[in-house]
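Everything below concerns the one structure shown next.
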Amino acid sequence: MKTDDAPGDGPRLAVKDAIDVAGLPTTAGSRAVAERAEPAAADAPVVASARAQGARIVGKANLTEFCLGADGVNPWSGTPVNPLDPSRIPGGSSSGSAVAVATGEADVAFGTDTAGSVRIPAACCGIAALKTTHGRVPLGGVYPLSPTLDTVGPMGRDVAAVVTGMRLIEPGFVPDAYDANMTVGRLRVPNVDPAIDAAVDDALRRLGPITDEACEHFQDAALAGGVFIAEEAYEQNGHLLGDPSKISERMYRRLNVLKEAAAGRRAWAEQLCKTLRAEFDALLDRHGVLALPVLAGVAPEPAGGDGDGDLPLTMLTGPVNAAGLPAFALPVPLPGSHLPASVQLIGPAGGEERLCAVAAALEAALG
């Protein structure tokens, strides 16, 4: 984490190095970007708001190159160490933000989330995080990956810290009062480790009964989101491919391959996302929140080589971005493991206040 001078006694804030902090370059975790980057002339609006609320910027946090990876691995700037198990990935792309919070270097961190990039590292590092409704938080001064899906959200060790982060972004943010009569729709999806599913179910039942639900287009939505990311990541970064020596082999290949794979599929992706959003909205008309795991297993070990083994990490998170909805990630106990599971609570558009209330109630029930 690149440090900054931060006098005062407000919350210590780490800022993902895809978000402008005045006087510091924004590198997006990339050598190619860093060598062209000038110090930011002004804070991004989210950072300016945080400073106005008394936040102390303690540093810019590392990330996956171009924000385009879910494992947090970065061969150029280094990979932050998972404090729960150094042999495991920290999760990405907001890897440094999660680690800064988990190790106590920061009280709150800002990350970006395009397909799971605050929720996945939160799950890997055992902290809490909130992916905000698309369009709720301004994206000025944020290095774009896919503007169709990009969001900024807070990360903290617990729900209270995440709420503090939302107040830094939106002064006056107040969680709703928790409604004990609210129902939870438990989304059932395939290919989840049964132990993870059981841990999430056990946690949710402490709030009350849960109702199993299905979402027909959930799995396809992760692929639809990938179409937007592939197109728009290339639009943003394609001009940097002229010098492959300044880009990791994985990202050089990924930018080219994804662009080809997405060709001609945008109309399909847009229609599928509309269908998915309608399905989510119908489920949220019946339930206060929807719930499923953040990850299908615990934080994995690095895949090794320059492969794309990190892409499946987004299969349970990416559809939420495709629908534009908010989601809260909260660690829950996983019996027999030194690593936690993580529950993902999904709310209606603009429902961050509700999600924070439910997450706080669940956290309290877990003790």
Side-chain angles (χ1 to χ4, degrees), residues 1-29 39-40 42-63 72 77-84 90-113 117-119 121-132 137-138 141-143 151-175 328-331 352 356 359-360 363:
M1 188 168 74
K2 305 171 188 177
T3 58
D4 189 16
D5 188 21
D9 57 2
R12 297 170 301 148
L13 174 65
V15 179
K16 183 177 185 176
D17 196 14
I19 303 173
D20 285 352
V21 173
L24 297 176
T26 297
T27 74
D43 288 332
V46 290
V47 175
S49 175
R51 280 200 210 266
Q53 305 309 305
R56 296 176 288 152
I57 312 299
V58 295
K60 296 201 79 178
N62 201 0
L63 64 152
S77 57
T79 300
V81 177
N82 186 326
L84 299 181
S93 63
S94 305
S95 50
S97 296
V99 171
V101 165
T103 57
E105 293 182 83
D107 302 311
V108 180
F110 288 166
T112 63
D113 191 313
S117 287
V118 300
R119 290 162 287 159
C124 290
C125 295
I127 65 166
L130 177 60
K131 177 246 180 270
T132 53
V137 176
V142 178
Y143 191 90
T151 60
V152 171
M155 309 169 76
R157 294 197 70 166
D158 53 22
V159 177
V162 171
V163 171
T164 295
M166 276 304 294
R167 286 181 180 142
L168 294 178
I169 293 170
E170 288 186 8
F173 178 88
V174 178
F328 202 110
L330 184 72
E352 285 84 348
C356 288
E363 184 181 65

Residues forming a side-chain hydrogen bond (donor to acceptor under 3.5 Å, both in side chains) with N82, sequence neighbours excluded: none
Residue pair P154 / V162: nearest heavy atoms and the distance that separates them: CG-O, 3.6 Å
Option among T27, L24, I19 that satisfies the side-chain contact (heavy atoms from CB on, under 4.5 Å) test with K60: L24
Nearest heavy atoms of F328 and C356, plus distance in Å: CE1-SG, 4.0 Å
Atom pair CG (D17) and CG (L63), whose distance is rounded to the nearest 0.5 Å: 6.0 Å
Partners passing side-chain contact (heavy atoms from CB on, under 4.5 Å) against V101 (at least two apart in sequence or in another chain): A109, I127, R157
Residue list, side-chain hydrogen bond (donor to acceptor under 3.5 Å, both in side chains) with R12, at least two apart or on another chain: D107
Donor-acceptor contact below 3.5 Å, side chain E363 vs main chain D158: no
N62 side-chain N/O to P80 backbone N/O, donor-acceptor pair under 3.5 Å: no
Worked verdict on S97 versus V118 for side-chain contact (heavy atoms from CB on, under 4.5 Å): CA-CA 8 Å; S97 296; V118 300; over 6 Å; no
Spacing of NZ belonging to K131 relative to CE belonging to M155, to within rounding of 0.5 Å: 14.0 Å
C125 to V99 - nearest heavy-atom pair and separation: SG-CG2, 4.0 Å
Residues forming a side-chain hydrogen bond (donor to acceptor under 3.5 Å, both in side chains) with S93, sequence neighbours excluded: K16, S117
Summary of salt bridge (Lys or Arg N to Asp or Glu O under 4.0 Å) pairs that have at least one residue in residues 159-173, sequence neighbours excluded: R136-E170
Verdict with reasoning, D113 to T151, per side-chain hydrogen bond (donor to acceptor under 3.5 Å, both in side chains): CA-CA 5 Å; D113 191 313; T151 60; 4.7 Å; no
Minimum heavy-atom distance between T103 and P83, given as atom pair plus value: CG2-CB, 3.8 Å
Please tabulate, one pair per line, all N/O donor-acceptor pairs under 3.5 Å involving side-chain atoms of residues 43-50, not counting sequence neighbours.
residue: D43; atom: OD1; partner: A22; partner atom: N; Å: 2.7
residue: D43; atom: OD1; partner: R51; partner atom: NH2; Å: 3.3
residue: D43; atom: OD2; partner: R51; partner atom: NE; Å: 2.6
residue: S49; atom: OG; partner: L168; partner atom: O; Å: 2.6
residue: S49; atom: OG; partner: I169; partner atom: O; Å: 3.2

Shortest non-hydrogen separation from A129 to A122 and the atoms involved: CB-CB, 3.7 Å
T112 backbone acceptor or donor facing S94 side chain under 3.5 Å: yes
Minimal non-hydrogen separation, V58 against A106, with atom names: CG2-CB, 4.1 Å
